[in-house]
Amino acid sequence: MYKENLISVIVPVFNTEEYLNRCLDSIINSTYKELEIIGVDDGSTDCSPEILEQYASIDNRITIIHQDNQGGSVARNKGLESAVGEYVCFIDSDDWIHEQFFTYLHRAITENAADIALCDFKRCDESYLFPQPKYDCENLSIYNLMTNQNYKNFVNKLFRHTVISNEHFMSGKVIEDAIYIIDILTKNPNVRIVKVNCTLYAYFQRSGSLVSGISVDLVRHLADYTMQKLVNLEDENLKGILAEDVIKRMLYVRYYYLLKKERIAAAECNEVIRSMLTLLSHRKVKYVVLYLIPELYRQFRLRNDPSMKTFEKNVKSSAHHCL
């Protein structure tokens, strides 16, 4: 059905002419050579299509799909429809990888008979240099994946194609990565996961990146989406894991509403948190305390993330201007 040991690399491209060469060079110079590289031009208006064509002319592993601008999610879905590899990987066109990225992840996924292999990634600027990697891996549980924010991206992963063949990215969602991972886990509760313990993916953060613009509304949307998914789950362990994820997001949303003195919205958050607490099988006391004492949650956030002071200032300022 799929070509054995072939890795389909899907690269959605939209107006990234400044970074695309770096991305493609890192892929074609990988030590692992059995690659199918699918560049999906999402209606770029700069020189990105010409750069793709140039690379395709010198490397026959590269194929190009052109489409009208419909967003990264649609571009990834289009690439996935064309992919024929036994394994699938997604790389954003302004990011780049270490030359051992595919070699290490392929080794990990095959030696451990896993369904998903992932590595560490680094949020960085263009000056970043990878440290010298050393192959070492460990098995992860779904709980490990869902409770570590750095594991929820899809770009630092190698997927067995059969696990994601029926999964599609939701169009137009900034939080598409978390939604995609939730969809995979809820439909494959016995999925096997392995992690390579070294940094092999450079996650480039440029000014204007969508990552910096994730709103409280989107956090709330993801919490609502997760609740919809866990309602019909039979796996009680996975249900508890997803419930904990919802609680963490809703504590944050409640924190935001309390800053804005929107008591009704905060009370609605409390209702959701209470319902999710009944599904927890562990760490319940911690979340009960954070639920009952909002100020304790606030202090916890401020201690662990100094940028929250600026966040509080901005939220209070916007609330004042709305009066």
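Being a predicted model, the structure only gives us computed values, none of them experimental. Starting from 1, each residue takes its place in the sequence as its number.
S44 places no side-chain N or O within 3.5 Å of a backbone atom of P49 that could act as its donor or acceptor partner. At distances below 3.5 Å, not a single donor-acceptor pair connects side-chain atoms of S8 with backbone N or O atoms of A83. Judged purely by atom type and a 3.5 angstrom limit, N188 has no side-chain atom pairing as donor or acceptor with the backbone of N190.
Taking every heavy atom of both residues into account, G72 and P12 meet most closely at O-CB, 4.4 Å. Closest heavy-atom contact between S82 and I65: OG-CD1, 3.4 Å. Considering all non-hydrogen atoms of both residues, I116 and I109 come closest at N-CD1, 4.0 Å. Nearest approach of L200 to F101, heavy atoms of both residues: O-CD1, 3.6 Å.
Residues passing the ring-ring contact (aromatic ring centres under 6.0 Å, His included) test with Y297 are Y255, sequence neighbours excluded. Under the rule for a side-chain hydrogen bond (donor to acceptor under 3.5 Å, both in side chains), the partners of N270 that lie at least two apart in sequence or sit in another chain are R254. Under the side-chain contact (heavy atoms from CB on, under 4.5 Å) criterion, S165 pairs with Y2, H161, not counting sequence neighbours. With sequence neighbours left out, the ring-ring contact (aromatic ring centres under 6.0 Å, His included) criterion links Y287 to no other residue. In this structure, Y256 has no ring-ring contact (aromatic ring centres under 6.0 Å, His included) partners at least two apart in sequence or on a different chain. Listed by chain and number, the residues in a ring-ring contact (aromatic ring centres under 6.0 Å, His included) with F300 amount to none (sequence neighbours excluded).
Evaluation of the salt bridge (Lys or Arg N to Asp or Glu O under 4.0 Å) test over residues 38-59, restricted to residues two or more places apart or in two chains, returns D59-R61. Applying the ring pair (Phe, Tyr, Trp, His ring centres under 6.0 Å) test to pairs two or more places apart or on separate chains, those with a residue in residues 56-91 are Y87-H106, F90-F154, F90-F169. Applying the salt bridge (Lys or Arg N to Asp or Glu O under 4.0 Å) rule to pairs touching residues 280-298 yields E244-R283, E295-R298, R298-E312, sequence neighbours excluded. Here salt bridge (Lys or Arg N to Asp or Glu O under 4.0 Å) pairs that include residues 62-77, with residues two or more places apart or in two chains, are R76-D92, R76-E176. Evaluation of the salt bridge (Lys or Arg N to Asp or Glu O under 4.0 Å) test over residues 7-23, restricted to residues two or more places apart or in two chains, returns none. Residue pairs meeting the side chain to side chain donor-acceptor pair (under 3.5 Å) criterion with at least one partner in residues 229-240, sequence neighbours excluded, are D183-K229.
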Item to complete: Run the numbers on Y201 and D120 for side chain to side chain donor-acceptor pair (under 3.5 Å), then give the verdict.
Response: CA-CA 7 Å; Y201 191 100; D120 292 319; over 6 Å; no
Discussion item. Is there a side-chain contact (heavy atoms from CB on, under 4.5 Å) between Q54 and I62? Walk through the geometry before answering.
Written reply: CA-CA 10 Å; Q54 177 187 359; I62 299 176; over 6 Å; no
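Checked for salt-bridge contact, E86 and K3 miss the test: no charged N lies under 4.0 Å from a carboxylate O.
Residues V88 and M1 fall into different hydrophobic clusters, defined by Ile, Leu, Val, Met, Phe, Trp and Tyr side chains chained together at heavy-atom separations under 4.5 Å.
A donor atom on one side chain and an acceptor atom on the other are not found under 3.5 Å apart for E99 and T31. No donor-acceptor contact under 3.5 angstrom links the side chains of Y151 and N144, judged on distance only.
Note on ring orientation: taking the six-membered ring where Trp is involved, the planes of F204 and Y19 are tilted (angle from 30° to 60°). Between Y128 and W96, the two ring planes are tilted [angle within 30° to 60°].
Aromatic pair F311/Y252: ring centres closer than 6.0 Å.
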